[in-house]
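Working notes, beginning with the structure itself.
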Amino acid sequence: MVVGIELSDDEIDRVFHALAAATRRDILRRTLTGEYSVSALASEYDMSFAAVQKHVTVLEAAGLIVKRAEGRERLVRADPEMIARARALLARYEELWRARIDRLDALLAEPAGSAGSAPAPTTEEPKNDHRSNEGE
């Protein structure tokens, strides 16, 4: 599967909004393995059919699931292409943060006094170079 087109800001907002609710994540998980009617999905939750239908609508608006009619039933299934596009976005974020952590690790691993860093503070007391005026 080739994931080509980057997500727009609006698509990203819809995907993350859709994934923000545990029920919607569960519906998405269930529909990854096959098609389910909305009524079959609704029977799995302690909420009304209308509430489940609203969750399905949010997932559909985000492009995470596809709904199709078969007779009087509406069947839903996950859209692997959109899931792959969202995963690619998260992978780019992960790469960004890993690069930042790698740079921080490299900075912290530099020995004290190396080029480009300030000299390390000393803990020794400064030596007095005063000569006693006794006997003058």
Side-chain angles (χ1 to χ4, degrees):
M1 175 185 318
V2 176
V3 179
I5 302 171
E6 284 193 27
L7 295 171
S8 70
D9 286 340
D10 288 340
E11 287 173 316
I12 293 168
D13 290 345
R14 284 191 298 270
V15 165
F16 283 109
H17 171 72
L19 296 175
T23 300
R24 290 192 289 267
R25 290 190 305 272
D26 190 60
I27 290 170
L28 184 61
R29 181 188 56 79
R30 289 173 189 271
T31 60
L32 282 169
T33 60
E35 284 187 319
Y36 289 86
S37 69
V38 177
S39 56
L41 287 170
S43 70
E44 298 292 325
Y45 301 100
D46 189 23
M47 63 181 72
S48 69
F49 174 85
V52 172
Q53 177 59 38
K54 285 181 183 180
H55 284 300
V56 168
T57 299
V58 170
L59 288 164
E60 185 180 24
L64 292 167
I65 64 169
V66 176
K67 186 167 41 171
R68 70 176 183 88
E70 186 171 291
R72 293 180 9 172
E73 288 191 313
R74 300 297 175 255
L75 299 175
V76 296
R77 64 174 169 77
D79 182 354
E81 183 179 329
M82 180 55 93
I83 293 168
R85 290 172 67 198
R87 186 177 179 282
L89 170 71
L90 293 174
R92 286 192 302 277
Y93 286 143
E94 181 181 5
E95 288 170 14
L96 173 97
W97 282 104
R98 285 188 187 277
R100 288 181 180 184
I101 289 170
D102 290 346
R103 286 193 305 269
L104 181 59
D105 283 346
L107 180 65
L108 293 174
E110 284 183 8
S114 67
S117 64
T122 62
T123 56
E124 294 180 17
E125 291 291 323
K127 297 187 171 142
N128 267 339
D129 199 21
H130 302 305
R131 302 213 197 270
S132 169
N133 288 337
E134 289 180 38
E136 287 184 5

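Within 6.0 Å of CZ on R72 lie no more than 12 heavy atoms contributed by other residues, nucleotides or ligands. Atom CG of D9 has 12 or fewer heavy atoms from other residues, nucleotides or ligands within 6.0 Å.
The side chain to side chain contact (heavy atoms under 4.5 Å, CB included) test applied to T33 returns Y36, not counting sequence neighbours. Take S37 and apply the side chain to side chain contact (heavy atoms under 4.5 Å, CB included) test, not counting sequence neighbours, and it matches S39, A40, E73, L75. In terms of the salt bridge (Lys or Arg N to Asp or Glu O under 4.0 Å) criterion, residue partners of E94 (sequence neighbours excluded) are, by chain and number, R98. Take Y45 and apply the side chain to side chain contact (heavy atoms under 4.5 Å, CB included) test, not counting sequence neighbours, and it matches T23, D26, I27, R30, M47, V52. Taking the side chain to side chain donor-acceptor pair (under 3.5 Å) definition, one finds that E70 meets it with R68, sequence neighbours left out. Scored by the salt bridge (Lys or Arg N to Asp or Glu O under 4.0 Å) test, R103 finds no partners at all (sequence neighbours excluded). With sequence neighbours excluded, no residue forms a side chain to side chain donor-acceptor pair (under 3.5 Å) with R14. Scored by the side chain to side chain contact (heavy atoms under 4.5 Å, CB included) test, R87 finds no partners at all (sequence neighbours excluded). Scored by the salt bridge (Lys or Arg N to Asp or Glu O under 4.0 Å) test, K67 finds E60 as partners (sequence neighbours excluded).
For the atom pair CD of E95 and CG of L90, the computed distance is 11.5 Å after rounding to the nearest 0.5 Å. How far CD of E35 is from CG of L41: 11.0 Å, rounded to the nearest 0.5 Å. To the nearest 0.5 angstrom, F16 atom CZ is 7.0 Å from I12 atom CD1. The CG atom of D102 lies 12.5 Å from the CZ atom of R100; values are rounded to the nearest 0.5 Å.
Listed here is the closest heavy atom pair of L32 and A78: CD2-CB, 3.5 Å.
Checking side-chain atoms of R74 against main-chain N and O of A69 turns up no donor-acceptor pair under 3.5 Å. Remark: side-chain polar atoms of R24 are paired, donor with acceptor, to backbone N or O of A18 under 3.5 angstrom.
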**Request:** Verify side-chain contact (heavy atoms from CB on, under 4.5 Å) between H17 and V58, making sure each step is shown before the conclusion.
**Result:** CA-CA 8 Å; H17 171 72; V58 170; 3.7 Å; yes
**Message:** Evaluate M82 against L7 for side-chain contact (heavy atoms from CB on, under 4.5 Å), listing each step before the verdict.
**Reply:** CA-CA 9 Å; M82 180 55 93; L7 295 171; 3.5 Å; yes
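In the hydrophobic clustering, where aliphatic and aromatic side chains (Ile, Leu, Val, Met, Phe, Trp, Tyr) are joined below 4.5 Å either directly or transitively, L96 groups with W97.
Contact check on R85 versus E11 returns a salt bridge, with a Lys/Arg side-chain nitrogen under 4.0 Å from an Asp/Glu carboxylate oxygen.
Residue V66 is tested with T31, D79, L59 for a side chain to side chain contact (heavy atoms under 4.5 Å, CB included); the sole match is D79.
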